[in-house]
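In what follows, a structure is listed as structure tokens, so that the remarks can point back to it.
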Amino acid sequence: MEIPLNRQSPSIALVAPTKTGLALSQLIRAGLPDASLWTKASESLSTPVPELQAYREGLSEAISILWPQVDNIIFVLTVGAVVRAIAPFLKDKATDPGIVAVNEAGTQVVSVCGGHIGGADALARQVAAILGVEPVITSASAARGLPGIDVLGEPFGWRRGSGDWTAVASAIAQAHPIEVIQTCGSSLWQRQLPEVHPFVWDSSGKEQETIARIWISEREFEPVEQPTIGWHPRSLWVGIGCERGVSIETLERGIRASLQKHNLAWEAIAGLASIALKRDETALLALAERYEWPLQFYETEILASQAVPNPSEAVNREVNTPSVAEAAALAAAETKALVVEKQILRGEDGKACTVAIALAKTEYSSRCGQLNLVGIGPGSLAQITPAARAALTQSDVVIGYQLYVDLVRTLLPSAQIVEASPITQEVQRAQRAIALANRGLTVAVISSGDCGIYGMAGLILEALARDGWDGKIPHVEVFPGVTALQAVAAKVGAPLMHDFCAISLSNLLTPWPVIKKRLEAAATADFVVALYNPRSRTRLEGIHIARQIFLQHRSPSTPVAIAKSVYRPDESIQVTTLVEWNVETADMLTTIAIGNSTSFVRGDLIITPRGYVLTEPNANSGHINRADAELNL
Ligand code: SAH
């Protein structure tokens, strides 16, 4: 049975009591398109706002409607007014919505409460990214670059167990040493810890006296003196065999008894597994549905091939495999050893079930993975789109080439998992990103410029398609960025005002005859041309040939821009002509723009005419015919 995976989109309400606030919240909603928008009914609006909801009385009327319904509320209002308004509704940080306040000018975004479990810290980062400002996040863990202890396992789909969450959080806030015991689940969260952190993994030597514990395990923790919190990665696969018509109570009691006997946690259950014959076993289906567990069914051959500790001749005679529960648990967990061997429980109605449990190496996650393919622009943080910024801050993991990761490092939440790799490892990066997304994580893959122009977007989509991707899971979103040719064009005026094309001179992935053919075609057809990857240490010849081809078809005085590291600290830009162009100055951080037959230079700028008829100054200035105006403006 398929359990639908959860897309991680919290329901968000934007509440803006004033007209100025309403204008700002529309800007915020552009980046959070699913958010509902609320204002006071008396506000008269000159232009109608789509899907605006109104409350009549005070703010508390809106809050009382929204509080039980939404995951987050963003108020465009002073923090003081927000605090007064929400005070009567606050109950418990595990259930209250996360609250964010934004000032009317849009220059301050404050995570007010529900920072971790409520998601307010993450949302404040996202809203701040949309507005291009710094969020105000006051939680102790954020300040010290630590993951919030109460959200630690969320990216991996872990479930919270029992524990004294407040005591452990306050021990962390006071920087006391904390013992970490982790027996299963991803250890990715440990990678991004700052140099100074309070976690102690091996306390057996007791060099450091720890005062609290974080318990990450498939088992329940034994109560000890130290305050402890439990996280349970969903790693246990429960194999089930049963008689036809068994009751759901018998199944549930069988599972609970097996777990208890071995001190295993209910929250650590990944899902159920059984024999294909049981696809229509009502109680099995109902139990999986009740707890939103995935249910795996296996054909007899697969079950019969598992080496189990307690095979049964009787079972073999009946269903052609000597084991159902044990074999199904092993198959689902993809392992060879059981943590609980076959247990038999008979219900009051006389119908029995068997239960066996195996521990998977990788935890199951009910989250639907997401790949954010993000173009970060040519270099400067100012050139990244707000949507791309927001996508970065929202992702659990950021993957990219070291240089690009370093460019955006200051935008990333300090506890975010970042994986940087050398330049040549594009394929490995794509595979890693897909593997993590398949485990339910939200993964941002960054490219410089636009990620769909000689970037990672195509590679990732291609790899997904090759692996039989259904186009839905993981969910893919592409965030455009300012590509090198736009950046270069902006620096040298308006060279791209007429038809243009981009050609990469790198023959690593494209055979040189193909590149040459495209250069000739572009030169002949009078395109303005941007040359990417013009010259590397080993590819010295191509750019000479490119210049020769253009000289054959264009005037020697055709403008050429040589733009290196545009929007980066070592930017250099030179405008020259085809005949004077010294191709040796180009490297892999350079883009070349070559004008068309009408392009000309004024000062340091290249201008390619669009074709408007410009009349003399004062004589009905700048008039163009009406059809053109409609076409172009
Ligand atoms: N996805 C990128 C292109 C990657 S291919 C984009 O859309 O811009 C790498 C090539 O891009 C480099 O060899 C260079 O030609 C060009 N490039 C990337 N960033 C640049 C920058 N800041 N200045 C000049 N050229 C750049």
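FYI, the numbering just counts along the sequence from 1. Both counts, for ligands and for their atoms, begin at 1 and track the order of listing.
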Can you tell me how far apart [atom1] ([X]) and [atom2] ([Y]) are? Round to the nearest 0.5 Å.
| X | Y | atom1 | atom2 | result |
| --- | --- | --- | --- | --- |
| R466 | L464 | CZ | CG | 9.5 Å |
| I543 | D587 | CD1 | CG | 9.5 Å |
| D121 | S139 | CG | OG | 4.5 Å |
| T590 | I562 | OG1 | CD1 | 8.5 Å |
| S599 | L496 | OG | CG | 9.0 Å |

Tell me if a side-chain donor or acceptor on [X] pairs with a main-chain N or O of [Y] at a distance below 3.5 Å.
| X | Y | answer |
| --- | --- | --- |
| R125 | L412 | no |
| S11 | D71 | yes |
| S536 | R539 | yes |
| K564 | T585 | yes |

[atom] - nearest protein heavy atom and its distance:
| atom | value |
| --- | --- |
| atom 21 (C) of ligand 1 | V566 N, 3.5 Å |
| atom 4 (C) of ligand 1 | Y454 O, 3.6 Å |
| atom 6 (C) of ligand 1 | T483 OG1, 3.3 Å |
| atom 19 (N) of ligand 1 | R568 NH2, 3.5 Å |
| atom 25 (N) of ligand 1 | T591 OG1, 2.8 Å |
| atom 8 (O) of ligand 1 | A484 N, 2.9 Å |
| atom 24 (C) of ligand 1 | L589 O, 3.2 Å |
| atom 15 (O) of ligand 1 | T590 O, 2.6 Å |

For [X], is at least one N or O under 3.5 Å away from an N or O on ligand 1?
| X | value |
| --- | --- |
| S447 | no |
| M588 | yes |
| A563 | no |
| G455 | no |
| L531 | no |
| N533 | yes |

Report yes or no: does [X] have a heavy atom closer than 4.0 Å to ligand 1?
| X | answer |
| --- | --- |
| S504 | no |
| S565 | yes |
| Y532 | yes |

For ligand 1, which atoms have a heavy atom of [X] less than 4.0 angstrom away?
| X | result |
| --- | --- |
| P534 | 15 (O) |
| S448 | 1 (N), 2 (C), 6 (C), 7 (O) |
| P378 | 22 (N) |

When the ring centroid of Y364 is compared with that of W158, is the distance short of 6.0 Å? no
Pair Y454, T483 - check side chain to side chain donor-acceptor pair (under 3.5 Å), show working. CA-CA 10 Å; Y454 312 123; T483 184; over 6 Å; no
L436 and side chain to side chain contact (heavy atoms under 4.5 Å, CB included): which single residue from T442, L188, D396 fits? L188
